[in-house]
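Heads up, the thing below is written out as structure tokens.
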Amino acid sequence: MTTTSYALQTSHLVKRFGGFVATNDVTLNVAAGARHALIGPNGAGKTTLINLLTGFLEPTSGSVTLNGEEVTRLAQHQRVKRGLARTFQINRLFADMSVLESVTLAVCERRGLGARWWQPVGAHTDAIAEAAALLAQLKLLDVAHHQTKSLAYGKQRLIEIALALAMKPKVLLLDEPAAGVPTGESRALFETIAQLPREVTILLIEHDMDLVFRFADRISVLVNGAVLTEDVPSVIATDPRVKEVYLGEAAHG
Ligand code: ADP
Ligand code: MG
């Protein structure tokens, strides 16, 4: 018998905004190596939960545990140091730098070479090699020398993921990575994400159910800040309560 080890857990997590309960007693266990999806209608509290996990928000009560260590009161950068990464916002991309330079800079930052940013990027041979390997993993090598701003949006989202992976995370949080990406590009984007090594545990928020069911091996359904149910995709797909939640959302636009 094997015991499951968890990369990321919450226990009875609560977040109130004034009288409003955005996160309602959420206990979540994300197994190491999982492809875990968090779904739920608009306003269910998915982004709030991610913000509690990263330390962007402080919970009202409850706890967050990363690789067995409680991190509930740790600052964002302390959690990053312990292996928790989320994708960068699009405006954090360095528009005028090449893809390779951007990712190399992130690798240098992790290696503590960040203070010497004014040195030519070419001085950091090892960091460049590591960045190039990441680009290969994300199928971005062919655009390595393009300016990030010149790339299609789907490719830009992959660069954000490359920047997050440059931190060598154990857990990667992806909040709607395909948001704003044209449908034609989102399938390829997800295929690339799905091929990331299993050493990286992924918790994904995604609206497109086709993509979710293709990607996830575990799904938690959030409604009104609380976990409605959690199970393997085949069980979630046939759960009438889940269907009802989404039909309700469609009916109300
Ligand atoms: P989702 O990502 O599932 O669409 P959110 O986590 O963004 O949902 O929001 C959940 C609920 O919490 C929403 O009703 C939203 O209006 C509310 N909310 C989120 N952030 C704040 C905040 N800083 N102050 C007050 N209410 C908030
Ligand atoms: Mg959201």
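Counting starts at 1 for both ligands and their atoms, following the listed order. Residues: numbered from 1 along the sequence shown.
- Taking a cutoff of 4.0 Å between a charged side-chain nitrogen and a carboxylate oxygen, R111 and E130 qualify as a salt bridge.
- Salt bridge D217/R198: present, at least one basic N to carboxylate O contact under 4.0 Å.
- At a distance under 4.0 Å, a protein heavy atom can be found next to atom 17 (C) of ligand 1.
- Taking the side chain as every heavy atom from C-beta outward, F190 and D208 never approach each other to under 4.5 Å.
- Residue-ligand proximity, A22 to ligand 1, at heavy-atom distances under 4.0 Å covers atoms 12 (O).
- Residues T48 and L57 have side chains in contact (heavy-atom distance under 4.5 Å, counting atoms from C-beta outward).
- Under the 4.5 Å side-chain criterion, counting only non-hydrogen atoms from C-beta, F215 is not in contact with E206.
- Contact annotation: the side chain of V221 never approaches that of E230 to less than 4.5 Å [non-hydrogen atoms, C-beta and beyond].
- An N or O contact shorter than 3.5 Å links G43 to ligand 1 by distance.
- Counting only heavy atoms of the protein, atom 26 (N) of ligand 1 lies nearest to F17 CD1, 3.4 Å.
- With contacts defined as side-chain heavy-atom distances shorter than 4.5 Å, the pair H145/V99 does not qualify.
- Between D175 and K46 there is no salt bridge, since no side-chain N of the basic residue sits under 4.0 Å from a carboxylate O of the acidic one.
- In terms of protein heavy atoms, atom 9 (O) of ligand 1 is closest to T48 OG1, 3.8 Å.
- For the Mg ion (ligand 2), protein N, O or S atoms under 2.8 Å: 1 in total.
- Using a 4.0 Å cut-off to heavy atoms of N42, the atoms of ligand 1 that qualify are 4 (O).
- A salt bridge does not link R241 to E244: none of the charged nitrogens lies less than 4.0 Å from a carboxylate oxygen.
- Other residues sharing the hydrophobic cluster of V235, ordered by chain and number and joined by side-chain separations under 4.5 Å: V232.
- In terms of protein heavy atoms, atom 7 (O) of ligand 1 is closest to T47 CB, 3.8 Å.
- Distances between N or O atoms of A44 and those of ligand 1 include at least one value under 3.5 Å.
- For atom 8 (O) of ligand 1, the nearest protein heavy atom (residue, atom name, distance) is G45 N, 3.2 Å.
- Cluster membership for I202 and I161, using ILVMFWY side-chain heavy atoms within less than 4.5 angstrom, is shared.
- Closest to atom 15 (C) of ligand 1, if we only count protein heavy atoms, is F20 CE2, 4.7 Å.
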